[in-house]
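In the text below, chain A, chain B and the rest are named by the order of the sequence lines, each starting its count at 1.
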2 protein chains.
Amino acid sequence: MSEGDKNNKQKYHHGNLQNSLVTAATKMIEAEGIENLSLRKLAISVGVSRTAAYHHFTDKNDLLCAVAAQGFIAWKAIEEQVFNDTTLTNEQQYRQFFLNYIQFAAENPSLYDLMFGRTIWKEASSTQTLRDAAYPSFQYQVEMTKTWQAQGLLPKSENTLRLAQVTWGTMHGIARLLIDGIYADSNNIDEMCECALNLFLAQKSTATS
Amino acid sequence: MSEGDKNNKQKYHHGNLQNSLVTAATKMIEAEGIENLSLRKLAISVGVSRTAAYHHFTDKNDLLCAVAAQGFIAWKAIEEQVFNDTTLTNEQQYRQFFLNYIQFAAENPSLYDLMFGRTIWKEASSTQTLRDAAYPSFQYQVEMTKTWQAQGLLPKSENTLRLAQVTWGTMHGIARLLIDGIYADSNNIDEMCECALNLFLAQKSTATS
DNA sequence: AGCTTAAGTTGCCATGGTTAACATTACCTT
DNA sequence: AAGGTAATGTTAACCATGGCAACTTAAGCT
């Protein structure tokens with residue numbers, strides 16, 4: 001074969017299968033939903049045979065965990081961007097964080113579903129890699145809650161961990177209602193967030209006492 | 001065959017397959033999770049052949065919807081029990097409702113997952129039967145929110161629908177975190193609920209102005 | 001009794017996850 | 001450069017599952 005063929009001809013070794021699979025899987029999941037992702041279709045879309053993926057992931061769950069881990073990394077970048085923005089007041093920062101969270105979920109529903117859904121978390125099926133990527137986010141949430149309490153945005157009287165669970169629960173709940181199309185739709189994201197923030201931030205006056 | 005055989009011998013016609021399937025499916029789902037429910041295993045457990053179910057349900061989704069619908073009926077009974085209990089004050093009633101909701105989810109995690117998860121709600125895959133069973137609950141939530149606002153338990157200033165979405169979102173979020181085992185576990189249900197209720201009900205003073 | 005139809009049954013097919021055995025190539029050692 | 005090894009891909013095959021078709025049984029009405 002001629003040298004020029006190298007560009008057209010498929011190499012026997014893909015070269016970057018692992019990453020390609022994660023990327024392609026992310027797209028496919030966002031396009032067709034988690035439950036419609038099949039390793040076979042995925043393999044074909046990447047131009048590789050059915051079982052090639054098994055040389056990079058122990059099984060489907062492992063791949064899904066990798067996709068989710070990638071999602072957490074992306075989410076963390078957004079998170080940090082808000083907290084490094086010094087032009088915002090404390091309250092603006094909190095509001096922005098809340099809005100970003102819901103927006104992230106609304107814009108990447110299937111990815112969010114994967115990241116925070118039972119598919120990969122139930123029955124200890126989460127990978128170590130995933131946990132390493134995800135736990136810092138949880139941790140962050142608690143730390144920030146402590147800060148917000150100190151700033152008087154959230155009630156100081158509440159146990160920090162519980163408060164973090166509840167406030168995150170609210171974001172998570174709203175996100176899920178949106179994603180699952182239950183009882184809420186994306187037309188009202190802003191209003192819903194505003195309402196939730198009003199509930200939480202109204203504590204300010206009594207909390208700083 | 002003798003008359004007595006009727007008790008031992010399998011009848012060709014099951015007699016009450018539809019209900020049996022829903023009941024068995026509910027149990028199997030609670031035992032092994034939604035994703036592990038297979039129509040074949042289910043059929044065997046009921047003592048019927050693989051495809052018998054198709055004479056009662058158009059497909060698997062249809063069966064799942066029936067199970068979920070049953071769940072909504074069960075939940076409604078609990079709901080009404082609280083609201084008919086006249087010995088409770090308004091606030092006690094609200095607290096009880098909140099606690100019951102989380103408890104229902106914690107005690108029937110898989111059923112809750114099915115009822116409020118994307119499996120049956122995404123892509124308009126919900127059955128009419130299911131919608132008929134479920135919508136009243138959503139409706140109820142809105143009506144009760146209006147009442148709670150009128151009673152001064154929740155801020156009157158907020159749009160009722162948004163408030164209902166947010167408060168339900170919080171319950172839903174907490175339930176999901178518990179069920180999916182993310183960041184929260186069942187040891188702290190009471191404390192989490194208490195924290196959430198404190199956030200919501202603290203509005204009282206400003207709301208009644 | 002006989003017809004119709006609901007309710008069950010077995011056979012069959014496609015999809016999809018996963019393992020096993022084989023093929024190819026990258027890469028390291030000598 | 002030659003040769004060996006491990007990594008990476010490939011095909012074949014297995015098994016579980018959802019679902020359709022064609023056939024069977026029996027319940028129920030006329």
If the condition is side chain to side chain donor-acceptor pair (under 3.5 Å), which residues does B/E191 pass it with, not counting sequence neighbours?
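Only A/R162 meet the side chain to side chain donor-acceptor pair (under 3.5 Å) criterion with B/E191.
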Side chain to side chain contact (heavy atoms under 4.5 Å, CB included) partners for A/K76, two or more places apart
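A/K76 satisfies side chain to side chain contact (heavy atoms under 4.5 Å, CB included) with A/E79, A/E80, A/P136 once adjacent residues are dropped.
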Euclidean distance, atom [atom1] of residue [X] to atom [atom2] of [N] [Å, nearest integer]:
{"X": "A/F57", "N": "C/dT19", "atom1": "CZ", "atom2": "P", "answer": "15 Å"}
{"X": "A/D62", "N": "C/dT19", "atom1": "CG", "atom2": "P", "answer": "12 Å"}
{"X": "A/L17", "N": "D/dT10", "atom1": "CG", "atom2": "C1'", "answer": "12 Å"}

Check whether [X] reaches the backbone of [Y] with its side chain - one donor and one acceptor, N or O, closer than 3.5 Å.
{"X": "A/Q149", "Y": "A/P155", "answer": "yes"}
{"X": "A/N61", "Y": "A/S125", "answer": "yes"}
{"X": "A/R176", "Y": "B/G173", "answer": "no"}

Treat primed atoms plus P, OP1 and OP2 as sugar-phosphate and everything else as base, then score nucleotides 18-23 of chain D 5' to 3': B for base contact with protein heavy atoms under 4.0 Å, S for sugar-phosphate contact only, - for none.
BBB---
Minimum-distance pair of heavy atoms, taken over all atoms of A/G71 and A/L111:
CA-CD2, 4.1 Å
Within residues 51-64 of chain A or reaching into it, pairs that qualify as salt bridge (Lys or Arg N to Asp or Glu O under 4.0 Å) - sequence neighbours excluded:
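Output for this query is empty, none listed.
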Let me know, please, whether A/S49 or B/N36 comes out on the 5' side of the other along DNA chain D by nearest nucleotide.
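Taking each residue's closest nucleotide, the earlier one in sequence belongs to A/S49.
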Tell me which residues in residues 22-35 of chain B lie within less than 4.0 Å of DNA chain D, going by non-hydrogen atoms.
none
Any side-chain N or O of B/H56 below 4.0 angstrom from OP1/OP2 of C/dG8?
yes
Ring pair (Phe, Tyr, Trp, His ring centres under 6.0 Å) involving B/F57 - partner list, sequence neighbours excluded:
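Once residues adjacent in sequence are excluded, B/F57 has no partner under the ring pair (Phe, Tyr, Trp, His ring centres under 6.0 Å) criterion.
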